[in-house]
Amino acid sequence: GQQLNQSPQSMFIQEGEDVSMNCTSSSIFNTWLWYKQEPGEGPVLLIALYKAGELTSNGRLTAQFGITRKDSFLNISASIPSDVGIYFCAGSNFGNEKLTFGTGTRLTIIP
Amino acid sequence: NAGVTQTPKFQVLKTGQSMTLQCAQDMNHEYMSWYRQDPGMGLRLIHYSVGAGITDQGEVPNGYNVSRSTTEDFPLRLLSAAPSQTSVYFCASSYRHSSTDTQYFGPGTRLTVL
């Protein structure tokens with residue numbers, strides 16, 4: 001099946017730093033989604049992207065739908081302790097709405 | 001609204017035992033699905049349903065059965081548990097089977113098969 005590769009696998013940053021992570025695919029997606037999962041919980045949708053080149057923000061989070069439709073990026077500005085968790089990208093295509101999830105980026109904030 | 005609820009939260013089984021993981025939603029969502037989450041592999045779709053009476057296979061369906069007799073409930077059955085089924089299982093639902101509809105995830109069931 002399709003594979004979504006996320007990088008980095010894990011990040012250790014200090015509070016206040018900016019964070020960048022990305023997701024790449026071997027094939028095209030029409031929709032890119034970014035989820036956050038906190039310990040002991042299910043994933044929660046952060047941002048949804050529906051158009052190539054689209055840049056969408058949600059508070060301190062900004063995500064972009066890559067022009068090639070094979071990648072997406074998520075940035076977090078001025079990180080705070082509650083940003084800790086695992087961030088997943090997911091892609092889907094119109095007419096085949098099953099989500100394919102990435103392998104996740106684990107974010108840890110060093111006090 | 002309770003959202004998506006899953007029971008049990010934790011379960012330990014012996015190889016060969018059967019059990020049912022329960023999932024319910026009170027949002028009148030048409031679409032429901034089951035995923036498993038394994039370290040380093042993200043979430044993989046097991047089975048899904050686009051409405052009551054309709055189910056279909058996802059990416060990793062072997063060893064699992066589902067049924068959808070009501071809009072609210074979507075149980076996942078393991079007929080003969082195997083150690084390879086040790087995982088965290090998430091149920092999700094959305095209003096429609098569309099990538100433009102937000103999927104809401106339950107809190108998960110952590111299953112260990114010895």
Side-chain angles (χ1 to χ4, degrees), chain A residues 1-10 21-52 54 56 58 65 69 72 85-106, chain B residues 2-10 21 23-25 27 29-51 54-62 87-110:
Chain A
Q2 291 174 315
Q3 292 273 341
L4 289 186
N5 296 311
Q6 283 188 247
S7 63
Q9 284 188 329
S10 60
M21 60 187 78
N22 67 73
C23 187
T24 58
S25 170
S26 57
S27 54
I28 290 171
F29 286 111
N30 297 127
T31 299
W32 282 94
L33 306 168
W34 283 93
Y35 287 84
K36 178 188 177 186
Q37 183 179 26
E38 298 186 4
E41 302 292 332
V44 174
L45 182 66
L46 298 173
I47 292 179
L49 303 159
Y50 303 112
K51 188 176 178 181
E54 180 181 0
T56 298
N58 179 5
F65 192 141
R69 298 190 177 194
S72 181
I86 303 175
Y87 291 79
F88 290 99
C89 62
S92 71
N93 286 308
F94 304 141
N96 177 14
E97 309 288 357
K98 301 174 194 177
L99 288 181
T100 299
F101 279 84
T103 49
T105 294
R106 183 182 296 273
Chain B
V4 180
T5 57
Q6 291 183 239
T7 56
K9 198 162 181 63
F10 300 95
L21 279 63
C23 174
Q25 52 89 12
M27 297 174 282
H29 284 172
E30 291 182 356
Y31 182 74
M32 297 186 74
S33 55
W34 277 101
Y35 293 86
R36 60 177 289 173
Q37 183 177 31
D38 302 295
M41 299 193 72
L43 283 84
R44 293 181 293 168
L45 183 64
I46 304 172
H47 285 286
Y48 66 98
S49 169
V50 299
I54 305 169
T55 63
D56 207 346
Q57 295 181 349
E59 181 185 355
V60 287
N62 292 342
S87 187
V88 182
Y89 292 85
F90 289 99
C91 178
S93 74
S94 61
Y95 181 58
R96 298 169 304 168
H97 186 206
S98 168
S99 59
T100 59
D101 285 335
T102 301
Q103 282 205 49
Y104 296 88
F105 285 81
T109 294
R110 186 175 293 275

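Within every chain, numbering begins at 1; the chains are lettered A, B, ... in the order of the sequence lines, protein sequences first and strands thereafter.
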query = Just wondering, are more than 12 heavy atoms of other shown residues or ligands nearer than 6.0 Å to NZ in A:Lys51?
reply =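 No, the 6.0 Å shell around NZ holds no more than 12 heavy atoms from other groups.
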Non-hydrogen atoms of chain A under 4.5 Å away: do they reach the side chain of [X], the backbone, both or neither?
| X | value |
| --- | --- |
| B:Tyr104 | neither |
| B:Gln6 | neither |
| B:Leu45 | side chain |

inquiry  = Restricting to non-hydrogen atoms, name the atom on A:Gly42 and the atom on B:Phe90 that form the minimum distance, rounded to 0.1 Å.
reply    =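 Heavy atoms only, the tightest pair is CA-CE2, 3.4 Å.
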task = For A:Ser72, check side chain to side chain contact (heavy atoms under 4.5 Å, CB included) against everything at least two apart and list the hits.
result =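 By the side chain to side chain contact (heavy atoms under 4.5 Å, CB included) rule, A:Ser72 matches A:Trp32, A:Trp34, A:Leu49.
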query = Among A:Gln6, A:Arg106, A:Gln37, which residue forms the greatest number of heavy-atom pairs with chain B at distances under 4.5 Å?
reply =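 Maximum pair count with chain B is reached by A:Gln37.
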request  = Walk me through it: do A:Leu99 and B:Tyr35 pass the test side chain to side chain contact (heavy atoms under 4.5 Å, CB included)?
outcome  = CA-CA 10 Å; A:Leu99 288 181; B:Tyr35 293 86; 3.8 Å; yes
Heavy-atom contact with chain B under 4.5 Å, split by part of A:Gln9 =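 The answer is neither part of A:Gln9.
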query = How many angstroms lie between atom CG of A:Leu45 and atom OG of B:Ser94, to the nearest 0.5 angstrom?
reply =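 If we round to the nearest 0.5 Å, A:Leu45:CG and B:Ser94:OG are 11.0 Å apart.
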